[in-house]
Number of protein chains: 4
Amino acid sequence: MKKTKLSRREREKLRQRQEMLAAALELFSEKGYHNVTVQEIAEKAEFAIGTLYKFFQNKEDLYTALVLEQCDNFESALTKVLEAPGTEIEKLQNYVQGRSEKFRNNLPFVRLFLAESKGITFNIKAGLDETIRKRYRDFLEKLALVFESGIRNKRFRNIASPYQLAVALDSIIDAFLLLWLEAPERYPYPEDPDTILDIFFKGLTPP
Amino acid sequence: MKKTKLSRREREKLRQRQEMLAAALELFSEKGYHNVTVQEIAEKAEFAIGTLYKFFQNKEDLYTALVLEQCDNFESALTKVLEAPGTEIEKLQNYVQGRSEKFRNNLPFVRLFLAESKGITFNIKAGLDETIRKRYRDFLEKLALVFESGIRNKRFRNIASPYQLAVALDSIIDAFLLLWLEAPERYPYPEDPDTILDIFFKGLTPP
Amino acid sequence: MKKTKLSRREREKLRQRQEMLAAALELFSEKGYHNVTVQEIAEKAEFAIGTLYKFFQNKEDLYTALVLEQCDNFESALTKVLEAPGTEIEKLQNYVQGRSEKFRNNLPFVRLFLAESKGITFNIKAGLDETIRKRYRDFLEKLALVFESGIRNKRFRNIASPYQLAVALDSIIDAFLLLWLEAPERYPYPEDPDTILDIFFKGLTPP
Amino acid sequence: MKKTKLSRREREKLRQRQEMLAAALELFSEKGYHNVTVQEIAEKAEFAIGTLYKFFQNKEDLYTALVLEQCDNFESALTKVLEAPGTEIEKLQNYVQGRSEKFRNNLPFVRLFLAESKGITFNIKAGLDETIRKRYRDFLEKLALVFESGIRNKRFRNIASPYQLAVALDSIIDAFLLLWLEAPERYPYPEDPDTILDIFFKGLTPP
DNA sequence: AATGAATGAGCCTTCATTCAT
DNA sequence: TATGAATGAAGGCTCATTCAT
């Protein structure tokens, strides 16, 4: 809980930086890294190019900062959810609920995130994607812990390794998110969290 | 089932085209669309740039042709699997098996496919991704039919819409594929097909 | 012999100006005009850029002021040497000695001076070099006077015009200075003044 | 005496390269490295920028190639002069004559050469000047050999080390060249070679 | 008066595409 | 028909200079 007092100047700087990142996020998410010019970002953020280069060493640096910052944000929010007290089932319910919401409120970033974590982007020369995948794997380990404890105390059946279950759960959440993204009216989100968990909890074959 | 006789000249043309596409696939999948020059592709394929432009209108056209052709290939192979006779469970088993294998034998393309279907790539200005997603949705409908009939004849529990189940299954297959792609030794593939189906069929909570 | 009393404020101004010029000299001589930013100069001099621009209209102006001031300094010192009483030979001895010393104590400037007077630098658009060369020519006239009087009173042989002799002498002094600059241990300076004069006075061919 | 047959294509390439270098030489020598844009060079040489970049990796590379090639040219021509048969005195006469002529026929390059070898230019990051100075030193060693043998067989008085004499001679030649460059009508060149040698051979003081 | 953040013109360089041979 | 040299538009980035505080 940082409480450092920032000078007016510093606060101003930070605000400017956020504005630049916001403009960049919107553009990158809309057109892709290579189809956005630094000029455009500067214009959208209403700064001169030179000013933008005072904040970020180059285009790649800007992109990297953008993605990593957003990752931090997501990570800490979802980690908090997982660490809240409750049974494993409750934790998963909260996680599915929390992840879905967080994503739906940050669609522009989600598109970037999926691009970096799932596809090949090569937006950045030296593997930003690798950094992001590592962080994502680390986060999945935390999610896996819930499955692990659930299996240990017999609340969950031992049908796959905890990590695999974590991977499976997340992939379904993302898939349903994309479904909703593409056709919000056909696949309304509100009911999905339960659907997802039903798939997981009940299994397809009748008992 | 076209059986048109091709002249020697035409067959030669086709072979050249395939060589160009093969070179392009390798490069695009390795470095990303924007980090590959037409020059490079021509060199790798051992043609002159001008020759390459005789076959494809421009870089985008080449990329589009490449992706769509590969999609055709995958689609028809997997459709065939789904249409083979058998119970719904057998069909799904064959599908998971077939999809996994097909993917593992065509890794370069899979990377492109995931990039285009999951992330935002904007490799191509005018929504190649939209075309691909549409085709993918259409294919998912076929997969959904299996779930639908399974639900109808009570082999499967009705825990989600058939289409949702199709989406969920595919997303898990892809996720496990990525898992294996990133750490083949830690997540060996052979056992995965069953794991995936177990998750689906048995459900997480004990009966 | 200006004796104007400067107010404290004016003296302070002058001191600041000198500090800026000193920082600039060091940087320009080390990296060349075009590889030094005004930013750098301001930082090294520990002033804000804006302050620097209060003293000099622009980068060129700063450079010009720097070079001209240093030239003034050198010129007046060496003129003094030439005007000191003594025979022509003594004058030349003192000149060689004085010039060598002065140069060795102001290496950073010498590099700039040689660049401006010998090479093409185009550091400055509107011919600073021309100004400098003109001043240098004027100075050489003074040196030539020594040769002229030496020739007139038969102390020197009339083997070339006085001005040519002045040019020749200076070029040798500079050449030896560069020699020493590049390999101080191999071409130690102390003995050089005499060597230079020997070349001049004795001639190469035996009498 | 290379006699390699060049294909028409190769000869054409070489000619283009020479045209680019010629345009660059003229511009660099007229305005200085930093005041010439690649655009300008391309225009003057009547090529598109892209074509120019097919021949040279970048602006620095072009400049380096230009300077080094010209150096080669000068070096080999003057070395040939020094190696021609004759007494030491004849060799020096030929050298002064040859150097003067060569320089006067290649004024644009001389300006570059002096800038790189005498001044600080920092046109190029990684010390082209150092390369050039090394080559110049090596050449001076050859010139020094003439003085050495002259001293050994008593044709020359031993008033300075051979290398120092070489440095002195060259510096005077250059100085006189500059003199002529600045005021051709006042310091006509034809008589200079003898003047220079007179200064060297006769000495200033009467016997 | 002093500051230094903001500006944006201009430069180097790349690469998709064309077209003469 | 196949070639690949030539093209030049467009983008990333720097840095001298200004001006509001």
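First the proteins, then the strands, lettered A, B, ... as listed; each starts at 1.
A salt bridge links A:E69 to A:R17: one of the charged nitrogens lies within less than 4.0 Å of a carboxylate oxygen. Salt bridge present: B:R15 and B:E12 bring a charged side-chain N and a carboxylate O closer than 4.0 Å.
Counting to the nearest Å, the C1' atom of F:dT18 and the NZ atom of C:K59 are 17 Å from each other. Between the P atom of E:dC12 and the NE2 atom of C:H34 lies a distance of 12 Å, rounded to the nearest Å. We find that CG of D:D61 is positioned 14 Å from P of E:dC12, with the value rounded to whole Å. Atom CD in A:E60 sits roughly 17 Å away from atom P in F:dG11 (whole-Å rounding). Rounding to whole angstrom units, CZ of residue D:F47 and P of F:dT7 are separated by 7 Å. Here the C1' atom of nucleotide F:dA9 and the CG atom of D:L52 are 17 Å apart, to the nearest Å. Computed from coordinates, the A:Y63 OH to F:dG12 P distance equals 15 Å when rounded to whole Å. B:Q57 has its CD atom 10 Å from the P atom of E:dT18, to the nearest Å.
If you check F:dA20 for Watson-Crick or wobble pairing at under 3.5 angstrom, you find it paired to E:dT3. Pairing partner, F:dG11: E:dC12, with both Watson-Crick or wobble hydrogen-bond distances short of 3.5 Å.
Which of E:dC12, F:dT3, F:dT17 sits closest to the side chain of C:V38 comes down to F:dT17. For B:Y53, counting side-chain heavy atoms from C-beta on, the closest listed nucleotide (F:dT17, E:dA5, E:dT18) is E:dT18.
Between A:T37 and F:dG11, a side-chain N or O to OP1/OP2 separation shorter than 4.0 Å is absent. Note on B:T51: a side-chain N or O is less than 4.0 Å away from OP1 or OP2 of F:dT3. Taking only side-chain nitrogens and oxygens, C:K13 comes nearer than 4.0 Å to OP1 or OP2 of E:dA2.
Within 4.0 Å (heavy atoms only), C:E12 reaches no atom of the nucleic acid at all.
Heavy-atom nearest nucleotides on DNA chain E were determined for A:G50 and for C:G50, and the one closer to the 5' end corresponds to C:G50. Projected onto DNA chain F by closest heavy-atom contact, B:I49 and D:A48 fall at different nucleotides, the more 5' of which corresponds to B:I49. Checking C:E46 against A:Q16, the closest nucleotide of DNA chain E that is more toward the 5' end is the one next to C:E46. Annotation: of the two residues near DNA chain F, A:N58 and B:K54, the 5′-most nearest-nucleotide partner is B:K54.
Using cut-offs of 30° and 60° on the angle between ring planes, the pair B:Y63 and B:F28 is perpendicular.
The nearest pair of heavy atoms linking A:A45 to A:E19 is CB-O, 4.0 Å. Nearest heavy-atom pair across D:Q57 and D:D61 is N-OD2, 2.9 Å.
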